[in-house]
Amino acid sequence: MPSSNVHRDVTRKVYEILCNNFHEFRERMEWLCDLDINEVVEYSVDPDRVPDKVHAVMETCYCGGKEVDIIYCQMPDFDTESTSRKRRCYVKEKKQMRSARHHGGINVTLWKYYLLSAAKFYIRGDSTKSCWALGRALHYAQDGVLSRNFTVEGVADTYESDVHDVVERALDKYVYDYLRRTDVTNLVKEGVDVALNEKPMAVDDVDRVFEPTTSPTEIAENVIRATAYTYVKFFNVVNYIKTNKERILRNVRRMKLISFAGFGGILASIALAVLSAYSHPFSLFSTLPILLPSTALLITWPLYRSIKLGELYVLDVVDKESILTHRARRGVNIITETYQPVI
C-alpha cells in the first residue's frame with residue numbers, strides 16, 4: 001500500500017497544492033516548484049520495482065551450549081563462581097539478506113538516506129538523481145503509515161494478526177477514492193507546518209510524527225501529511241546546507257586540526273614526561289605536557305557536537321555507510337543492519 005497509481009497520484013497532488021494553492025510557499029520554495037515533477041512522480045514507485053536490500057547479522061551468545069544474554073560474551077572469560085574454570089562462551093552469527101521494510105512504520109533509515117541524497121544531488125546540480133532519490137524518499141513516507149498488524153480486542157484476550165496483504169487491496173481503493181472526493185489542502189498544510197516547526201536537519205523522528213495505523217481514513221490523511229512533510233524537509237535541508245556550508249566545513253577543518261595536534265601532542269608529551277620523571281620524579285613539569293594537548297582535545301567536543309552526521313554526508317565528508325548501518329539490542333541478541341540502497 002499504496003499501489004503505483006496511488007503513489008503517483010499522491011505525489012503529484014500534494015506537489016500541485018504546495019506550488020499552486022499556497023502562494024506564500026510558492027515564493028519561498030520557488031526552486032522546489034521548478035523540479036521536474038514528472039520524474040519525481042515516476043520515481044515514487046521505484047522501490048516497488050527495484051527494491052532496496054538490507055544485510056542483517058544477528059549475534060547470539062552461547063555459554064555451555066545454552067543461548068544466553070549477549071552480555072555474557074562481553075564479560076571476561078572466566079566463571080563467576082570459580083575463576084579457575086572457563087565459561088566456554090562464544091558468539092554465533094546468523095546472516096540474512098532481505099528486501100527492505102516498507103510498512104509498519106516509516107523506514108527511517110532509508111527515508112532519511114534518500115532525503116539527504118536528494119539534497120546532496122540537487123546541490124551538486126544533478127537534477128535527475130535528485131528527483132530519483134526524492135521519489136524514493138516519498139515512497140517510504142507514503143508506505144510507512146500503514147501498520148502491518150490488525151489488533152482485535154476480544155472478550156478473553158487481545159488478538160493481533162498480520163493482515164497487510166488483505167487490507168492493502170481494500171485500502172488502496174479507499175485512498176484512491178479519498179483523493180478524488182476530498183479537499184486535502186488542510187492536510188497538506190498540516191504536513192508543511194510539522195516540517196517548518198522542526199530544525200532543518202532533524203530527520204530522525206519521522207516515525208514518531210506519522211505513526212502507523214489500520215484506520216482507512218487515518219491512513220489516507222497521513223499519506224498526504226507525510227508526503228507534504230517530505231517535500232518541505234527536502235527543501236529545508238537544501239537551503240540549510242547551502243546557507244551553512246562554509247561554516248560546517250570550517251568547523252570540520254578546525255576539529256581535524258585540533259584533534260591531530262592534540263593526539264600528536266599527547267604522544268610527544270608522554271615521551272617527554274617519562275624522561276622528565278627520571279630527573280624530577282615529583283615535578284609538576286612531568287604532568288603539564290600531557291594536560292595541555294588533552295585540553296586541546298576537549299576544545300573539539302563542542303565542535304563535534306555541533307556537526308550532524310547528515311550534514312557531513314550531504315557535503316561528502318563521510319560516505320553513505322555511516323548513515324546506513326546501525327547496531328542495536330533485540331531481546332538477548334545484537335542485530336547489525338546494513339542497508340544496500342539502489343542509488
Side-chain angles (χ1 to χ4, degrees), residues 25 27-35 108-134 137 192 194-206 209 229-270 272 288-327 338-339 341 343:
F25 293 127
E27 293 177 3
R28 293 175 58 184
M29 303 180 183
E30 184 174 357
W31 66 261
L32 177 64
C33 296
D34 289 335
L35 289 176
V108 178
T109 301
L110 286 174
W111 176 85
K112 176 174 69 173
Y113 167 72
Y114 281 121
L115 181 80
L116 296 177
S117 294
K120 179 168 77 169
F121 292 132
Y122 184 87
I123 292 170
R124 282 184 183 176
D126 192 336
S127 177
T128 298
K129 274 195 173 181
S130 180
C131 290
W132 185 9
L134 179 58
V192 169
V194 172
L196 292 179
N197 288 326
E198 290 182 337
K199 292 182 178 179
M201 297 302 296
V203 292
D204 294 308
D205 297 327
V206 65
V209 174
Y229 175 85
T230 300
Y231 272 128
V232 179
K233 288 300 289 187
F234 165 64
F235 172 84
N236 283 345
V237 170
V238 170
N239 278 3
Y240 175 84
I241 295 297
K242 280 187 170 182
T243 303
N244 295 279
K245 178 179 179 179
E246 292 306 317
R247 176 187 61 80
I248 296 169
L249 293 177
R250 185 167 58 249
N251 284 343
V252 170
R253 289 192 294 269
R254 286 174 178 171
M255 186 178 68
K256 289 181 177 179
L257 179 62
I258 296 173
S259 296
F260 178 79
F263 282 117
I266 286 177
L267 292 175
S269 299
I270 289 174
L272 181 61
L288 280 177
I290 299 178
L291 291 176
L292 293 176
S294 298
T295 303
L297 287 178
L298 288 176
I299 295 174
T300 66
W301 181 245
L303 288 175
Y304 176 79
R305 292 293 301 273
S306 70
I307 302 171
K308 304 293 187 296
L309 191 59
E311 299 172 359
L312 301 181
Y313 169 68
V314 175
L315 291 172
D316 278 329
V317 177
V318 298
D319 56 28
K320 64 183 181 181
E321 283 71 22
S322 60
I323 60 173
L324 288 171
T325 301
H326 59 88
R327 181 179 171 88
T338 304
Y339 285 87
I343 302 178

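Note that the coordinates shown come from a computational prediction; the quantities given were computed from them, not determined experimentally. Computed from heavy atoms alone, side chains included, the values below leave out hydrogens, waters and symmetry copies.
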Roughly how far apart are [X] [atom1] and [Y] [atom2], rounded to 0.5 Å?
{"X": "Met201", "Y": "Asn244", "atom1": "CE", "atom2": "CG", "result": "10.0 Å"}
{"X": "Trp31", "Y": "Asn239", "atom1": "CH2", "atom2": "CG", "result": "6.0 Å"}
{"X": "Tyr339", "Y": "Lys112", "atom1": "OH", "atom2": "NZ", "result": "11.0 Å"}
{"X": "Ile323", "Y": "Leu110", "atom1": "CD1", "atom2": "CG", "result": "9.5 Å"}
{"X": "Thr243", "Y": "Lys245", "atom1": "OG1", "atom2": "NZ", "result": "12.0 Å"}
{"X": "Tyr231", "Y": "Leu35", "atom1": "OH", "atom2": "CG", "result": "8.0 Å"}

Heavy-atom pair with the smallest gap, counting every atom of [X] and [Y]:
{"X": "Pro341", "Y": "Tyr114", "answer": "CB-OH, 3.3 Å"}
{"X": "Pro200", "Y": "Val237", "answer": "O-CG2, 3.6 Å"}
{"X": "Ala202", "Y": "Lys233", "answer": "O-NZ, 3.0 Å"}
{"X": "Asn236", "Y": "Ala195", "answer": "ND2-O, 3.6 Å"}
{"X": "Ser130", "Y": "Ala118", "answer": "OG-O, 2.9 Å"}

Any side-chain donor-acceptor pair under 3.5 Å between Trp132 and Asp126?
no
Quick one: are Leu315 and Ile123 in side-chain contact, heavy atoms under 4.5 Å?
no
With a 4.5 Å cut-off on side-chain heavy atoms, are Tyr240 and Lys199 touching?
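The answer is no, as the side chains (C-beta and beyond) never meet within the 4.5 Å cut-off.
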What residue among Thr338, Leu324, Thr325 forms side-chain contact (heavy atoms from CB on, under 4.5 Å) with Thr109?
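Exactly one candidate clears the test, Leu324.
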Passing option when Phe121 is tested against Ile343, Val314, Leu116 for side-chain contact (heavy atoms from CB on, under 4.5 Å):
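Single side-chain contact (heavy atoms from CB on, under 4.5 Å) partner of Phe121 among Ile343, Val314, Leu116: Ile343.
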Under 30°, 30 to 60°, or over 60°: which ring-plane class applies to Tyr229 and Trp111, parallel, tilted or perpendicular?
parallel
Do other residues, nucleotides or ligands put more than 12 heavy atoms under 6.0 Å from Lys320 NZ?
yes
Should Ile241 and Ile248 be marked as a side chain to side chain contact (heavy atoms under 4.5 Å, CB included) after you check the CA-CA gap, both sets of side-chain angles, and the distance that decides it?
CA-CA 9 Å; Ile241 295 297; Ile248 296 169; 4.3 Å; yes
